[in-house]
Amino acid sequence: MTELTAPNIVTSPTPSDRRRKLLQNLLRGERPYMLYIAFVILLVVFSLSSPWFLSVENFLNIGRQTTLVSIIAVGMTFVIIARQIDLSIASTLALSGMAAALAMSHVDNSWIVGAAAGLGTGALVGLLNGILTTQLSIPSFLVTLGTLSMARGLAMMVTNTKPVIITNETYFAIFGEGSFFGIPVPIAWTLAAMIVGILLLHYNVFGRRIYAVGGNPTAALYSGINTKWVTTAAFVLTGTLAGLAALVLSARSHAARPDVVQGMELDVIAAVILGGCSLFGGRGYILGTLFGSLIIGTLNNGLVLLGVSSPMQLVIKGAIIVAAVAFTKR
Amino acid sequence: MEPSGSVAAQPGPPTPLVMVNGINKRFGGVRALRDVNLEVRAGEVLALLGENGAGKSTLIKILSGVHAPDGGAIEIEGRPAAFDSPAKSREAGIAVVYQDLSLVESLSVADNLLLGREPLARFGFVRKRALMAQAEAFLAQLGIPLDIKATVGSLPFAYRQMTEIAKALMGEVRLLILDEPTSSLTSDEVRILFDAIGKVTRRGVGVIYVTHRLNEVFEISQRVTVLRDGANAGTFVTADTDMKRLVNAIVGSDRLAPAAPRAAPPTTASFETAQVLSLSNVSNDRLRAVDLSILKGEIHGLAGLIGSGRTEILETIFGLRSVDDGTFEIDGRRWLPKNPADAIDQGIALVPEDRHVGLVLDHSIERNVTLSRLPYFSRWGWMQQRAAGKRAETAISRLAVKAQGASSLVRTLSGGNQQKVVFGKWNDPRPRVLLLDEPTVGVDVGAREEIYGVIRHAVRDGTGVLVVSSDLVELIELCDRISVIVDGRVARTLLRGEIDDAEELHHLLQLYQASGPSALDKGASQELPA
């Protein structure tokens with residue numbers, strides 16, 4: 001009977017234990033303090049080195065520039081926690097934007113039709129990703145590499161690579177240029193996506209299932225969870241959010257272009273991983289993703305303000321992402 | 001005392017090929033081997049028998065250089081030998097074929113045979129034709145009929161195994177060790193394998209043949225060495241012994257604990273009225289016409305060797321394996337298990353053998369306990385965090401899980417406590433049918449008693465339990481009925497009272513297994529003791 005209690009004796013930790021634990025957490029990033037510290041360091045460095053950085057106007061700028069990445073990163077958080085990856089989001093965004101603009105130009109110039117077409121197209125691409133991944137058991141890395149190419153090709157085909165002009169003022173106001181209680185709408189949409197993400201992931205049954213499927217797919221199956229459906233739903237969510245990002249982008253630029261945001265999937269994935277998601281699944285949270293996106297956005301913004309050349313920006317950004325992941329990973 | 005079989009009539013050489021003298025091996029506090037002796041002669045097949053944990057694997061690992069012995073000596077052809085690495089053992093001419101094969105399935109037989117020692121031209125290019133010729137010549141010399149161009153992955157299992165044996169024999173091999181080579185072979189494939197072994201021994205190679213199938217021992221070996229609890233339990237000349245004596249040596253007679261006092265056996269009448277789940281004639285890739293019933297409030301045990309299909313019966317009921325034929329009835333209704341979610345809806349729960357399958361180790365107790373019952377802790381899809389937390393607390397206190405709290409990660413718990421968490425997943429509401437696969441494996445004595453308590457508690461509330469266990473003492477202590485599973489079918493169902501103790505059950509198991517499926521068909525069970 002002695003073995004029974006031996007492995008799990010509850011002892012109250014001494015102060016030095018607690019300090020060591022805290023330090024461990026900081027360094028290893030079990031709690032994401034490192035993420036916040038990295039963000040603060042970035043803010044301090046840029047504030048000291050650029051006179052324009054520290055202003056409300058510039059922070060709103062960062063918010064606006066981060067919008068697309070942040071919105072899609074919410075969905076990507078679900079996908080990555082479920083042990084999958086979605087490389088197709090930038091192409092999905094381009095295709096959804098084209099669908100929204102074309103739908104509006106064909107049906108009464110109605111912003112509702114446009115929004116529905118944009119979101120619906122994104123959801124459909126997500127559904128395709130999910131079904132191919134779960135039903136044919138193809139790794140999502142390959143499935144979404146394929147749909148990345150297909151969606152981009154389709155976006156270019158529909159107008160023979162020409163942009164589609166949008167003229168609906170309501171559409172501009174709702175998705176791009178208006179403000180909601182003083183908050184610019186792109187930032188408001190980002191916050192909305194974050195809140196929905198937090199509710200779904202941390203307060204809904206769906207979130208529990210996502211964590212379980214990513215943490216141990218076999219255990220999830222043995223607990224009676226339809227792992228295929230749950231995985232597919234994560235892809236649909238991400239596709240739909242790519243559609244939302246497409247609405248924001250096209251409303252801001254008064255047009256949908258088939259060649260926008262190429263390569264943005266890398267920023268999105270970097271933001272999610274920076275935010276503390278494990279690529280091995282089962283671990284991650286939305287607030288971390290928000291800070292991950294902010295770090296990427298702040299980097300982009302600050303480096304421009306410092307007058308760093310754009311090739312050099314890429315190098316620095318890449319190095320900082322690798323360094324940050326090295327610090328924040330478990 | 002020379003073997004009189006037709007295969008190896010010539011007397012062994014004056015010095016045996018391999019001589020193992022007084023080997024000792026200790027792992028921590030466990031004495032895995034105690035003064036074990038073993039002798040293999042050139043050109044003979046020595047069968048090595050013993051239960052799981054008797055020390056066969058340890059002995060093989062010492063011969064193959066994986067473990068170093070704590071004491072004792074190994075001699076090869078009279079010269080002392082000591083291996084501190086598998087490479088040294090290989091150099092001394094000892095080759096081992098393990099159960100899990102080490103072949104590259106996408107390559108051809110020839111490529112596999114010469115993997116790492118391909119004939120090369122300049123700049124590292126492989127001389128394909130020379131490689132084929134070498135492989136062909138080698139197989140011809142062995143007399144093993146294999147198509148060298150065939151991709152290994154496309155071959156039937158027996159041929160893969162022969163490829164593995166051929167590969168093991170590349171180079172100077174004097175002793176070949178086969179670890180349960182037939183455990184997944186059909187009887188035709190076994191025949192092919194035995195032919196190949198015969199060809200190998202004719203070349204003077206000694207073979208140690210590890211198996212659980214006693215009937216094979218009489219077919220292929222000249223002598224038998226039995227290990228029990230890490231010590232020698234006898235060496236026999238195969239021709240001079242019989243199955244009963246071997247079973248006695250394997251099981252021993254002084255070791256098993258007496259059976260617990262038992263309740264009255266269920267009467268036939270209660271079978272009809274209280275069946276909660278029944279299977280009739282259920283067949284699939286691993287099961288053959290399984291008939292089984294589980295009564296309300298009954299603990300029904302499944303006994304059988306590893307690979308007999310015990311676990312597969314549980315998996316089939318839980319919807320993890322497709323059903324080809326047969327019918328299921330739950331509470332008198334016809335039903336076919338489609339997937340685990342469906343089975344759970346019917347009130348069936350499974351506690352799998354591997355806790356890595358039952359739990360998300362990196363998540364908290366609360367998350368794990370609520371995972372299987374999420375609808376109970378949510379309203380319109382939104383988690384009722386307080387209800388979930390309360391449930392986890394209840395489970396922790398009811399099952400006496402030793403943990404800091406509901407938010408402790410399952411990974412930080414001991415094996416027994418992890419197992420209790422798996423039980424906690426299904427504790428409330430009570431399942432109609434609780435399927436348990438080795439419920440106390442890797443669990444210490446105290447926690448084991450507590451788990452028995454949990455099982456009995458569920459039974460008192462009317463749950464029917466189907467439990468698979470390799471621990472026969474456990475089965476006898478727990479079960480109202482025990483079904484013996486052999487080769488995917490129910491060989492026999494014993495009522496409580498029909499069998500007295502674990503030793504007797506063990507004999508029965510060994511005899512059923514030894515006589516094989518064909519013997520069952522012929523109704524050989526009449527000769528078996530009850």
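In what follows, chains carry the letters A, B, and so on, assigned in the order in which the sequence lines appear, proteins first and then strands, with residues in each chain numbered from 1.
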Undergrad: Quick one: does B/Asn417's side chain have a donor or acceptor within less than 3.5 Å of a partner on B/Leu413's backbone?
TA: no
Undergrad: Between the main-chain N or O of B/Leu350 and the side-chain N or O of B/Trp426, is there a donor-acceptor pair closer than 3.5 Å?
TA: yes
Undergrad: At a 4.5 Å cut-off on heavy atoms, which part of B/Leu371 comes close to chain A: side chain, backbone, both, or neither?
TA: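 Looking at B/Leu371, backbone and side chain both touch chain A.
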Undergrad: Looking at B/Gly319, is its backbone amide N or carbonyl O close enough to the side chain of B/Asn339 to form a donor-acceptor pair, meaning the two atoms are under 3.5 Å apart?
TA: no
Undergrad: Looking at B/Val357, B/Asp342, B/Leu361, B/Asp345, which one has more heavy-atom pairs under 4.5 Å with chain A than the rest?
TA: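 Heavy-atom pair counts peak at B/Val357.
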Undergrad: With a sphere of 6.0 Å drawn around CH2 of A/Trp229, does it hold more than 12 non-hydrogen atoms of other residues, nucleotides or ligands?
TA: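 For A/Trp229, atom CH2 is not crowded (no more than 12 foreign heavy atoms under 6.0 Å).
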Undergrad: Sequence neighbours left out, what passes side chain to side chain contact (heavy atoms under 4.5 Å, CB included) with A/Ile131? Give chain and number order.
TA: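 In terms of side chain to side chain contact (heavy atoms under 4.5 Å, CB included), with neighbours along the sequence ignored, A/Ile131 is linked to A/Leu127, A/Gln135, A/Thr232.
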Undergrad: Do A/Ser70 and A/Thr190 have side-chain atoms, one donor and one acceptor, less than 3.5 Å apart?
TA: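 Note: A/Ser70 and A/Thr190 side chains miss the donor-acceptor criterion.
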Undergrad: At a 4.5 Å cut-off on heavy atoms, which part of B/Thr370 comes close to chain A: side chain, backbone, both, or neither?
TA: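 Contact with chain A: side chain only.
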Undergrad: In terms of heavy-atom proximity below 4.5 Å to chain A, should B/Phe377 be classed as side chain, backbone, both, or neither?
TA: neither
Undergrad: Taking non-hydrogen atoms and a cut-off under 4.5 angstrom, which of residues 202-218 of chain A neighbour chain B?
TA: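 The stretch touches chain B at A/His202, A/Tyr203, A/Asn204, A/Val205, A/Arg208, A/Arg209, A/Tyr211, A/Ala212, A/Gly215, A/Asn216, A/Thr218.
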Undergrad: Would you find a donor on one side and an acceptor on the other, under 3.5 Å apart, between the side chain of A/Thr238 and the backbone of A/Ala234?
TA: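 At least one qualifying donor-acceptor pair exists.
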Undergrad: Do B/Lys402 and B/Ser414 pair up side chain to side chain, a donor and an acceptor below 3.5 Å, judged on atom types alone?
TA: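 Side-chain D/A pair, B/Lys402 to B/Ser414: absent.
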